[in-house]
Amino acid sequence: MSIEWLIGLLIGGGGATGLLSAFFTRKSAKEKREIDLLDRAFKEIERLDVRIKELEAALAKKNGENEKFKMIIDGLTEDKLNHKKDIKKLKGD
């Protein structure tokens, strides 16, 4: 074994180690980005779920109010028709 051979082995081994290290570092950084993207997606889904529940509650409230108004309008319309009938009776039509 010559000194040149040992130096070549050490440099060659270090180069291979460097390449492996770079490969695994890149792979781990890519996985971290994917995990970060998934984490952000889950957080956005949770935020949207909360917002959807808020909007559904607001819609249910509005629908309830609209139903009340519809009942009032229907009642007034019926009263109007009854008054028109009474007027026709009084006129003798």
Side-chain angles (χ1 to χ4, degrees):
M1 256 198 276
S2 70
I3 293 188
E4 293 171 351
W5 186 79
L6 279 173
I7 292 173
L9 182 64
L10 290 175
I11 291 174
T17 303
L19 287 174
L20 283 174
S21 175
F23 172 76
F24 286 117
T25 301
R26 185 175 185 281
K27 185 175 181 175
S28 121
K30 183 180 176 185
E31 288 173 353
K32 184 180 181 323
R33 278 194 307 268
E34 289 173 356
I35 290 171
D36 289 344
L37 287 173
L38 286 173
D39 188 44
R40 284 193 300 218
F42 282 125
K43 286 179 183 176
E44 183 66 9
I45 288 169
E46 289 172 357
R47 186 189 71 78
L48 290 173
D49 280 341
V50 168
R51 186 66 179 139
I52 287 169
K53 287 178 184 174
E54 290 172 353
L55 291 173
E56 285 174 341
L59 178 62
K61 182 180 177 186
K62 290 292 181 190
N63 284 341
E65 291 172 2
N66 288 344
E67 190 63 33
K68 287 178 190 175
F69 289 138
K70 186 177 181 322
M71 288 174 29
I72 291 169
I73 290 170
D74 289 345
L76 292 173
T77 303
E78 187 177 332
D79 289 345
K80 180 182 84 170
L81 292 174
N82 289 335
H83 290 309
K84 282 185 176 184
K85 286 179 188 176
D86 290 342
I87 291 172
K88 281 186 178 184
K89 282 183 187 174
L90 290 173
K91 285 184 174 181
D93 291 339

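In this chain, numbering begins with 1 at the start of the sequence shown.
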Please round to the nearest 0.5 Å and tell me the distance separating atom CG of Leu76 and atom NE2 of His83. 9.5 Å
Using the salt bridge (charged side-chain N to carboxylate O under 4.0 Å, His left out) criterion, which residues pair with Glu78? Sequence neighbours excluded. none
Those residues at least two apart in sequence (or on a different chain) that pass salt bridge (charged side-chain N to carboxylate O under 4.0 Å, His left out) with Asp74 are Lys70
With a cut-off of 3.5 Å and sequence neighbours excluded, list every side-chain donor-acceptor pair involving residues 54-61.
{"residue": "Glu54", "atom": "OE1", "partner": "Arg51", "partner atom": "NH1", "Å": "3.2"}

Is any side-chain heavy atom of Lys68 closer than 4.5 Å to a side-chain heavy atom of Met71? no
Which value, rounded to the nearest 0.5 Å, describes the distance between Ile87 atom CD1 and Asn82 atom CG? 11.0 Å
Would you please name every residue forming a salt bridge (charged side-chain N to carboxylate O under 4.0 Å, His left out) with Lys43, sequence neighbours left out? Asp39
With Glu65, which residues qualify under salt bridge (charged side-chain N to carboxylate O under 4.0 Å, His left out), at least two apart? Lys62
Going by the rule side chain to side chain contact (heavy atoms under 4.5 Å, CB included), which residues pair with Glu34 if we only count those two or more places apart in sequence or in a different chain? Lys30
Give, for atom CG of Asp86 and atom CG of Leu81, the distance between the pair rounded to the nearest 0.5 Å. 11.0 Å
